[in-house]
*Asks:* 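Pasting in a structure now, in structure tokens, and then I'll have a few things to ask.
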Amino acid sequence: MSEAARIYRQLYRIRRVEEEVARVYPTDVIKSPVHLSIGQESVSVGLCEALRPEDAAFGTYRSHALYLAKGGNLRAMIAELYGKATGCAKGKGGSMHLVDVAAGMFGASAVVGTTIPHAVGYAYAVKLRREPRVVLCVFGDGATDEGVFYESLNFAALKRLPVLFACENNRYAIHTHQRLRQHLPEICARAAALGIPSERIEDADPFAIAARARAAADAMRGGDAGPFFLECMTYRWKEHVGPGEDYALGYRERSEAEPWIHGDQVAKVAAQLPPDERARIEEAVEAEIADAFAFAEKSPFPDDAELWTDVFREAP
Amino acid sequence: MSEAARIYRQLYRIRRVEEEVARVYPTDVIKSPVHLSIGQESVSVGLCEALRPEDAAFGTYRSHALYLAKGGNLRAMIAELYGKATGCAKGKGGSMHLVDVAAGMFGASAVVGTTIPHAVGYAYAVKLRREPRVVLCVFGDGATDEGVFYESLNFAALKRLPVLFACENNRYAIHTHQRLRQHLPEICARAAALGIPSERIEDADPFAIAARARAAADAMRGGDAGPFFLECMTYRWKEHVGPGEDYALGYRERSEAEPWIHGDQVAKVAAQLPPDERARIEEAVEAEIADAFAFAEKSPFPDDAELWTDVFREAP
Amino acid sequence: MSERDGSYVDGLREAVLQEMERDPSVVCFGLDVDDPKAIQGTTRGLVEKFGQGRVFGTPLAEDAMTGVAIGMALAGLRPVHVHIRMDFLLLAMNQLVNIAAKSSYMYGGSVSVPIVVRSMIGKSWGQGAQHSQGLYSYFMHVPGLKVAAPTNPHDAKGCMIAAIRDDNPVMMVEHRLLYPHRGPLPEAPYEVRPGRARVLAQGGDVTLVGISHALAECLRAQRHLADVGVAAEVIDPIWLAPLDVDGIAASVAKTGRLVVVDNGWTTCGASAEIASAVLEKLQGQRDVRVRRLGFANTTCPPTPGLEALFYPSARTIAAAARDLVEGRATGWLPAERADAVEIEFRGPF
Amino acid sequence: MSERDGSYVDGLREAVLQEMERDPSVVCFGLDVDDPKAIQGTTRGLVEKFGQGRVFGTPLAEDAMTGVAIGMALAGLRPVHVHIRMDFLLLAMNQLVNIAAKSSYMYGGSVSVPIVVRSMIGKSWGQGAQHSQGLYSYFMHVPGLKVAAPTNPHDAKGCMIAAIRDDNPVMMVEHRLLYPHRGPLPEAPYEVRPGRARVLAQGGDVTLVGISHALAECLRAQRHLADVGVAAEVIDPIWLAPLDVDGIAASVAKTGRLVVVDNGWTTCGASAEIASAVLEKLQGQRDVRVRRLGFANTTCPPTPGLEALFYPSARTIAAAARDLVEGRATGWLPAERADAVEIEFRGPF
Ligand SMILES: Cc1ncc(C[n+]2csc(CCOP(=O)(O)OP(=O)(O)O)c2C)c(N)n1
Ligand SMILES: Cc1ncc(C[n+]2csc(CCOP(=O)(O)OP(=O)(O)O)c2C)c(N)n1
Ligand SMILES: [Mg+2]
Ligand SMILES: [Mg+2]
């Protein structure tokens, strides 16, 4: 598959999965909070395009896109949202805690900023064992307010760890704009001051993100190049949590969204493909999605006894 | 009094108080940890020279110098070290928790970095009430590793608060050099990245510190100029905690200390004064110190019932 | 004169509003306090009325912002710091425990730290591992903090006013499911101070103590128990620190049986404290039987079936209380009754 | 074959050293682990032997470094993270409680977090408000964490090895005053696993449970009590989570009297848990009298006279136990005895 085809398949798949989640949500089959990435897909897709299957990724409660882009199992994800025993966390995690160890998709946490040091610690292990792997660490602009962000970057810089930090800057933490939280909205400068080279990509172009991420990742693999910081500007189309829109709330104008909606990366990349290739991709994805929702639908809920398992990992 | 005389009096007084603390320490009259500022006096003295009595200061467990420079009561300080009821915290704080509200000397805490946000919050109140006051916030280089440092500076910058941040950089956190904790040892750049103008003073010259601090403080008084960040290089002559030296431990060489000992600011400022003026100052200070130790010596220990008071501030 | 009615949300909002009117040193801040959702309405209108100096949203910085609140308090303000989840207070433990709780003591009484920290406990709709914890026993553990957990609109307002006027740090524990609850809500300001638990239903067979939202379950359990002839006395501690041990013990001295139902884990929790304090107090006077109920000793799962098992409910509380009264495992579990089901919470959050 | 002797410090050091030799995935880090003082000697020699990759000092960043440990564990390492004061763990609560304790459960068993967190409790020589806290009840409270509080060199080594080999997060609680204590210390590696409290002295009149350094005081109290004809059974729980309630209850079933002496505050503390768990277990079988002792319900003052009052001592424990046995306030306080005084700790720290 060409890079464009690969990227389009990812973009389309994530967009459509989330649209389906939004569509079924009002029927209450998903009885837990969902934070959709609609509009932001190209960031995760571009970043993961630079990764190898054996690389690791850490995300947030808004990680449907990252999970899928990194190769997480779709059936297990939808089943997890439905709270089913076949979910990626057996129904014990939910949308905010997606995990797929086989795909290298680790920890997604509901507490902002908390997985940043996990990525750094994982990278420490990778470097100690001299493995030619990298770790992708994705978080929002809100996370860059938190102290743990600085502590983690400082340590990654000090130990020259193979971490690709990626800030998905959609300008908002819930309903609060970055300018109401940071005097200087220069997140790259913060990373640079700690000794981490950094760069901002303004338009969420997945090819540009992939290219920059690949260069950074390949440079740090197995060596001493140390971490890199990418700030990817993007925009959340839906409400902070839930399936709807929220322009009526008044904290932002629809006009702010419009350039992003017009510049939609899913449509842009679609336009790069020959129509038949595009159709083939879309058809396959639609079938996969239908299968995943059907799988989730018919999977059983966990047994009551499952309440008590997994608190501790029992000795083998 | 001339500025030189004022500064010398402060420097000499702090140096001599701490020398006396070190002298009596082996007799066990002080039964708690002491973190001496010997060698670092000029930083607190220069900074406080820029303050007015109504300004507030926040420090650390290593705050004998700051407390005295800010006008803290000497008798109450020595009595506190002795654990006496007449101490500034009635014997319930000790050397690490010096306080003198009347002198504007607030909170000194034993947990690194914890008083930084207090200074910021205090400054918020000052600004809200439009008072022409500033807040001095002193901490070590070690504190700039901690997340709370970044969170606090970010908020101070965002709200344009009248805080003079002052990092007393003696290069060590206990026995660990800054280069083992930070990839880039550019603390000023960290403040700048958050939107706070910053400057480093290399030689701990109290006149230079005072001049820079005064300019910054006066600019921010009652207005919207916002915080300023000063990094003051200095050197700790004694061990991290306790009255002795520690060059034998092996984590640093005496040769590293030597330029600082040769360039001792106490001696330098002394040399600027006419001998008789200097003698008068020294004599007065010696009498004051003798009085303070005698006062501490003969003060009573707190009554047993004091164990139970002050847990809560009782309603008036 | 007919009493005014209002919700728990109204109580919280009105308390802060009235105190801010009365006392210019009161300020209110926290993530999202000034956003369109206004912390489920509890901070609605404050910024319009008092301006952005006294009411403001903050960066995400739980640790520093708690320290900022302490610094404000040292400068004479009375900050109310709001958190949408109690779980996030785990980022603020250093400032709360090492500083706020200790400042008065370790500075020999020369300062005080009158801060109020509001935080919400989530439940149901798959809040999951990190949005469901009731961690107030952490605050009860440490001398120097006060803790209120009001369960109705009247007390929400009264505790909040008392908290703001208190010269010490006070933690306000607010359960999200209580927010829509309605009840009498006097308009004029008043305080519900620490010191006195409240008896909500009288009975001689067993004492049910319910903490935060668990009180609502206890009140429903009391009706299930009445159906089978067991008379339960239901007690609302209101304040967890200081705790009215005497008030609870007085009831247990009568019933001889104590069920403490917590909205948190039992191990080293509020239920452990209440059980052991009451038993210490009554030993030698009265033989007492005791049972602690709380979260299952697991992490909270979001999937609905397991989530329901995770929490004590009116029915499981009633069953445990009856077993205690009869001194044996009766196997009884009351049937659902339409008038004893919680209003369902529906997402997204 | 004569048993080898060693100190608590030796036990801790040897455990980590042997495990690092056995298992290349074990790493050890924390502020100052590689400095000349080597955490009072407990990490001495490790960096020389295993290199700076596996043993390293860190920046001051308790929150992130705890997260780093978790990330390492997710990648298959077994980190031992060291803190010179338990008080500093208040900065790490989010990672410990929201992540380490919950990862296995909230990721449906697909990951585990085998980290060991060592931290020290300070006492005496004016450690004061923020260098004296025994906050382990915070860790007992949350499902998913294990907690060990060994009181002698043998158990220090055995618990540490068990902790490192455990696939779950384990908190090691180490009291500074125990560090110089000496005792039998077998050379070959062995585990002291959770599950079994140890009876250190037998007696039929009262059960003394001592946590961490409080156990040393209980052993001295037992001698004071023997002087007046009271036979105390002394129990060391060793592990606080999981806790051997059955073992303690078996002793109390015999004596009918329980004194729990903690090295922390009593409210919602380990002593509240032990008292209520034992009482719940024995109710209906045996009438039990109970007393909890711990820190005074105040902040720890540094001045020596008040500091001495802040802690339970062998003498106050003995007095409380005798009062419990006699069922009245006897007013007895044993005289100091030369063979029952703690080796004095002298500063600077
Ligand atoms: C430590 C913490 N504080 C507050 C919250 C509440 N909260 C949930 S999501 C969120 C916004 C985070 O914004 P950002 O990091 O930009 O991510 P985005 O939602 O935009 O993807 C906040 C404040 C939280 N979950 N964790
Ligand atoms: C949060 C925290 N972590 C660790 C410690 C242990 N500690 C005490 S002093 C100190 C060094 C701090 O260095 P710095 O801030 O440079 O101050 P200095 O002692 O050099 O004046 C450390 C790590 C502490 N007190 N608090
Ligand atoms: Mg955002
Ligand atoms: Mg330093």
Side-chain angles (χ1 to χ4, degrees), chain A residues 25 28 30-35 61 80-85 87 89-97 109-114 140-149 173-176 178 180-182 239-244 246 248-251 301-304 306-311, chain C residues 30-39 52 56-67 83-92 94-95 122 124-133 265 295-311 344-349:
Chain A
Y25 201 79
D28 290 359
I30 298 173
K31 284 201 181 56
S32 74
V34 292
H35 300 75
Y61 51 89
E80 187 60 33
L81 269 58
Y82 276 62
K84 298 299 180 76
K90 301 194 213 163
K92 296 176 175 187
S95 158
M96 300 197 285
H97 303 294
S109 161
V111 185
V112 173
T114 44
D141 50 298
T144 71
D145 294 357
E146 292 278 3
V148 72
F149 167 75
I174 309 188
H175 311 125
T176 305
Q178 188 184 1
L180 300 172
R181 298 179 284 109
Q182 303 186 348
E239 57 190 336
H240 167 70
V241 56
D246 68 356
L249 275 181
Y251 73 96
F301 283 106
D303 290 343
D304 285 1
E306 273 293 328
L307 176 64
W308 301 99
T309 63
D310 300 321
V311 177
Chain C
L31 268 174
D32 311 326
V33 300
D34 57 353
D35 85 358
K37 300 215 168 155
I39 316 289
Q52 294 181 342
F56 57 95
T58 69
L60 285 79
E62 287 76 5
D63 183 5
M65 291 312 303
T66 307
H83 298 264
I84 52 168
R85 295 286 172 206
M86 183 172 280
D87 311 70
F88 306 155
L89 290 181
L90 290 165
L91 286 159
N94 179 51
Q95 290 290 339
S124 77
W125 202 261
Q127 305 289 300
Q130 299 168 334
H131 279 49
S132 56
Q133 296 167 92
W265 290 294
F295 291 173
N297 203 27
T298 71
T299 293
C300 182
T303 184
L306 300 189
E307 188 183 51
L309 292 175
F310 179 79
Y311 294 103
E344 270 288 322
F345 177 74
R346 199 160 162 268
F349 232 35

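In the text below, chain A, chain B and the rest are named by the order of the sequence lines, each starting its count at 1.
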*Asks:* Grab the two heavy atoms, one from P304(C) and one from F301(A), that are nearest each other, plus how far apart they are.
*Replies:*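 That closest heavy-atom pairing would be CD-CE2, 4.3 Å.
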*Asks:* Side chain from CB out, backbone as N, CA, C, O: work out which of these in D310(A) comes under 4.5 Å of a heavy atom of chain C, or both, or neither.
*Replies:* neither
*Asks:* Is it the backbone or the side chain of V111(A) that comes under 4.5 Å from a heavy atom of chain C, or both, or neither?
*Replies:* both
*Asks:* Would you please name every residue forming a side chain to side chain contact (heavy atoms under 4.5 Å, CB included) with K37(C), sequence neighbours left out?
*Replies:* H175(A), L249(A), D35(C)
*Asks:* Between G128(C), A308(C), A296(C), which shows the greatest number of heavy-atom pairs under 4.5 Å with chain A?
*Replies:*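 When all of G128(C), A308(C), A296(C) are compared, A296(C) has the most.
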*Asks:* At a 4.5 Å cut-off on heavy atoms, which part of L81(A) comes close to chain C: side chain, backbone, both, or neither?
*Replies:* neither
*Asks:* Say you draw a straight line from CG of D34(C) to OG1 of T176(A); how long is it, rounded to the nearest 0.5 Å?
*Replies:* 6.0 Å
*Asks:* Does any backbone or side-chain atom of Y251(A) lie under 4.5 Å from a heavy atom of chain C? Answer side chain, backbone, both or neither.
*Replies:* both
*Asks:* If you compare all heavy atoms of V311(A) against all heavy atoms of N297(C), which two are closest, and at what distance to 0.1 Å?
*Replies:*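 Nearest pair, atom of V311(A) first, then N297(C): CG2-O, 4.1 Å.
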*Asks:* At what distance, to the nearest 0.5 angstrom, does CG of D32(C) lie from CD1 of I174(A)?
*Replies:*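 Answer for the CG-CD1 pair, D32(C) versus I174(A), is 4.0 Å.
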*Asks:* Checking heavy atoms, do the side chain of L31(C), its backbone, both or neither come under 4.5 Å from chain A?
*Replies:*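 Interface part for L31(C): neither.
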*Asks:* Could you state the interatomic distance from NZ (K92(A)) to OG1 (T298(C)), rounded to the nearest 0.5 Å?
*Replies:* 8.0 Å
*Asks:* Looking only at heavy atoms, what is the nearest atom pair of D145(A) and A61(C), with distance?
*Replies:*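 In this case the closest contact between D145(A) and A61(C) is O-CB, 4.2 Å.
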*Asks:* Taking side chain as everything from C-beta outward and backbone as N, CA, C, O, which of these in E62(C) sits under 4.5 Å from a heavy atom of chain A? Side chain, backbone, both or neither.
*Replies:* both
*Asks:* Checking side-chain contact (heavy atoms from CB on, under 4.5 Å) between P59(C) and each of Q178(A), E146(A), R181(A), which is the one that passes?
*Replies:*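 Of the listed residues Q178(A), E146(A), R181(A), the side-chain contact (heavy atoms from CB on, under 4.5 Å) partner of P59(C) is R181(A).
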*Asks:* What's the spacing between T114(A) OG1 and L91(C) CG if we round to 0.5 Å?
*Replies:*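 One finds 8.5 Å between OG1 of T114(A) and CG of L91(C).
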*Asks:* Using a cut-off of under 4.5 Å on heavy-atom pairs, state which of G91(A), G250(A), G87(A) scores highest against chain C.
*Replies:* G91(A)
*Asks:* I'd like to verify something: which residue of G113(A), A143(A), G93(A), G147(A) has the highest number of heavy-atom pairs under 4.5 Å with chain C?
*Replies:* G93(A)
*Asks:* Looking at NZ of K31(A) and CD of E307(C), how far apart are the two atoms once the value is rounded to the nearest 0.5 Å?
*Replies:*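 Result: 10.0 Å between the selected atoms.
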*Asks:* Specify the closest pair of heavy atoms between G94(A) and P302(C), including all atoms of both residues, with the distance to one decimal.
*Replies:*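 Minimum heavy-atom contact is N-CG, 3.7 Å.
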*Asks:* About how many Å separate OG1 of T303(C) and CD of E306(A), when rounded to the nearest 0.5 Å?
*Replies:*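 So the CD of E306(A) and the OG1 of T303(C) are separated by 10.5 Å.
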